[in-house]
2 protein chains.
Amino acid sequence: MAKRSTVIDVAESAGVGASTVSRHLRGITVRPKLAERIEKAVRELDYEPDETARSLRGGRSRTIGVLFPKVSNAYFSHALQRIEELASEQGYTVALLTHHNDPKEQLNDLLTLRRCRAEGVIITAMPGTTLQDIRAVLPSEPIVSLDSFFSPELDSVLLQNRQSAANATRHFLEHGYKAVACVTARPGTYSYRERMDGYSAELRSRGLQSRMIVAQDYPELDEMLRVELSSEQRPEALLALSDTAVLHIMKLFQELRLSPAQRPKMIGFDDFELAAFLDVPLSVVRQPIPEMVDAAMNSLLRQIKEGTTPGTQTLSMPGQLIIRNSCGCK
Amino acid sequence: MAKRSTVIDVAESAGVGASTVSRHLRGITVRPKLAERIEKAVRELDYEPDETARSLRGGRSRTIGVLFPKVSNAYFSHALQRIEELASEQGYTVALLTHHNDPKEQLNDLLTLRRCRAEGVIITAMPGTTLQDIRAVLPSEPIVSLDSFFSPELDSVLLQNRQSAANATRHFLEHGYKAVACVTARPGTYSYRERMDGYSAELRSRGLQSRMIVAQDYPELDEMLRVELSSEQRPEALLALSDTAVLHIMKLFQELRLSPAQRPKMIGFDDFELAAFLDVPLSVVRQPIPEMVDAAMNSLLRQIKEGTTPGTQTLSMPGQLIIRNSCGCK
DNA sequence: CTGTTAGCGCGTTCAG
DNA sequence: CTGAACGCGCTAACAG
């Protein structure tokens, strides 16, 4: 590990003071002759400023933390992609942490973020998280909640979950389907709860009964689905609240050897590129991920810049109902 | 922004010296009475060590850098997921950077990693990267190349690209197809090059001519595909070297209104959960992502632990040919 | 405009 | 086993 040069090495080599080097490197005007000598010394010594020292000195880590349940699905990986791009444009580095919906891990991750002096945090918190949980660890750092909501005192960026679910449900109703069921696991998750509400409200407004196929986890959901889909009064249509729910439903269709004609109609949440090429092209509610991330990062950067500004603003973005065939449309 | 407590605050509050606090917190034995007083002070002052100061002092940033072209596809997002899990188990934080196959960005990202004193780096380098490009910025830090190869002096973890492509090609041949084409964009990419080689070698060994549908970028690939698939001598089978290539092919099938029976057979690279539910269930070469990441992280951590150990070892993992229907099988 | 100096918060000496 | 003092590399404050 070759020893790294420091400002002082550069300063000596250039025959100037350390702070002159520092200033020049940060774009503050210095005498042109000195500037040149500094540049030369930097090149010769292969100098690169030490970010850890800079962080300590300046109290700014130039790091923003991203705390997601996981990153291995379409929604989070696309969101992360865009976060990284915007962050790096602004000179920030992304520290990535995932909590897997485990409270212990989430707490740990928050502590890590605190120890690292993350200047801001974008979080999709696990169900049941409270503002106190967060503020106990991160008392006053800028935070934006993405796709989760647990306090009006925090900026949140969300899908218009209720409305989107209601729209999708209404679409089924307009097809003339009466027996529309709502399927999801992990019903504690904020966005799922909202979507369930939107679905129920829409049915209720038409005097129809809601039918929940809701399980705590996915193995349990598989069981419930098996029962429901084998029954005589199989639902005519399914509103699947997540891409994972869609996947489990599809697996069951296959297991039960249901031909496309025999299957209930379906609308899912979260679009993906191959959705149009499924055996029955999948109709979905698409989330405006880039716009959501832009809003979240704007809020976060503004909070960072303006100091202790608790934005106290929640943005809900409309979902787009992408009609393909699984909803019953031709 | 509430002021943070420091070791000294804790020391004063506990009536001990600063170094005693530091020692206790790092698990070194201290007098039990003092230990208790320290714990109490830590709780009262809500003290949490400052990682930036620690990094500066100790020269260890406890950060590992991940530099990928992007994270918004199945392969990279799953790899990243596992990297994050292993890193955080070992007390490391992941700094995420993406280079979008732009040399300028890649260089920038490497500089960032250097400034941050990343203790190790996992990189999927862009085509054309040389060892010198990397070592010019990161002279001697532990590095593992994942899914890219540019020097035997660096530990690399790869798919057995050539063999996997050859196997898939052979599978087509066993079906009796003669006109097997290979389709990809970005032919400079290391793994695509290898797959092309494996494909060609297999055909050559049977005395067959290879047929490359290879473009610099995806728009150009679309053009080529349109021509090739509309021609009289349309290929019987397509080996698609990436999930993106598969997607573009599927789009074209749709645009050309090719019924499943009319389409060329196809095998893709990279499995995804819904591959089994496409209108023609997709046969693919699946990469053993968890095993690849485990190997990469093992190597990286070993290098970090053992100091300046240039592992100089390249691991190739076998791909698994997942047979569904698109290859011509029932 | 420039150079010198003093910390940022921690861990690691060195005496005691 | 403990505490005081130093220094990691940088930048803000001060004095020239």
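Model, not experiment: these values are computed from the prediction. Protein chains get the first letters and strands the later ones, always in sequence-line order, with residue 1 at the start of each.
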B/S191 and B/N161 side chains, donor-acceptor separation under 3.5 Å
no

Just how far, in rounded Å, is C1' of D/dC10 from CG of A/L25?
11 Å

Distance-only donor-acceptor pairs under 3.5 Å for side chains of residues 12-20 of chain A, two or more places apart:
unit_1: A/S19; atom_1: OG; unit_2: A/R23; atom_2: NH2; d: 3.3

Length of the CD1-C1' vector between B/I38 and D/dG3, whole Å:
12 Å

Does A/E119 form a salt bridge (Lys or Arg N to Asp or Glu O under 4.0 Å) with A/R60? I'd like the steps, not just the answer.
CA-CA 7 Å; A/E119 290 185 43; A/R60 302 196 42 200; 3.4 Å; yes

What pairs of donor and acceptor atoms, side-chain ones from residues 78-91 of chain B against any protein atom, are under 3.5 angstrom apart with sequence neighbours left out?
unit_1: B/H78; atom_1: ND1; unit_2: B/A74; atom_2: O; d: 2.8
unit_1: B/Q81; atom_1: OE1; unit_2: A/V71; atom_2: N; d: 2.6
unit_1: B/Q81; atom_1: OE1; unit_2: A/S72; atom_2: N; d: 3.4
unit_1: B/Q81; atom_1: NE2; unit_2: A/H100; atom_2: NE2; d: 3.1
unit_1: B/Q81; atom_1: NE2; unit_2: B/E85; atom_2: OE2; d: 2.8
unit_1: B/R82; atom_1: NE; unit_2: B/D294; atom_2: OD1; d: 2.7
unit_1: B/R82; atom_1: NH2; unit_2: B/D294; atom_2: OD1; d: 3.2
unit_1: B/R82; atom_1: NH2; unit_2: B/D294; atom_2: OD2; d: 3.1
unit_1: B/E84; atom_1: OE1; unit_2: A/T98; atom_2: OG1; d: 2.6
unit_1: B/E84; atom_1: OE2; unit_2: A/T98; atom_2: N; d: 3.4
unit_1: B/E85; atom_1: OE2; unit_2: A/H100; atom_2: NE2; d: 2.8

With a 6.0 Å cut-off (strictly less than), is the heavy-atom count around CD1 of A/I8, excluding the residue itself, greater than 12?
no

Encode nucleotides 8-16 of chain C as B, S and - characters from 5' to 3', where the letter depends on protein heavy atoms closer than 4.0 Å: B to the base, S only to sugar-phosphate, - to neither.
BBBBB----

Scan A/T29 against the nucleic acid and name what it touches under 4.0 Å (heavy atoms): base, sugar-phosphate only, or nothing.
sugar-phosphate

Distance in angstrom units between B/R37 CZ and D/dT2 P, rounded:
10 Å

Can a donor-acceptor pair be found between the side chains of B/T124 and B/D147 at a distance below 3.5 Å?
no

Would one find a side-chain N or O of A/T20 under 4.0 angstrom from OP1 or OP2 of C/dG3?
yes

Expressed as a whole number of angstroms, how long is the span from A/E12:CD to C/dT4:P?
10 Å

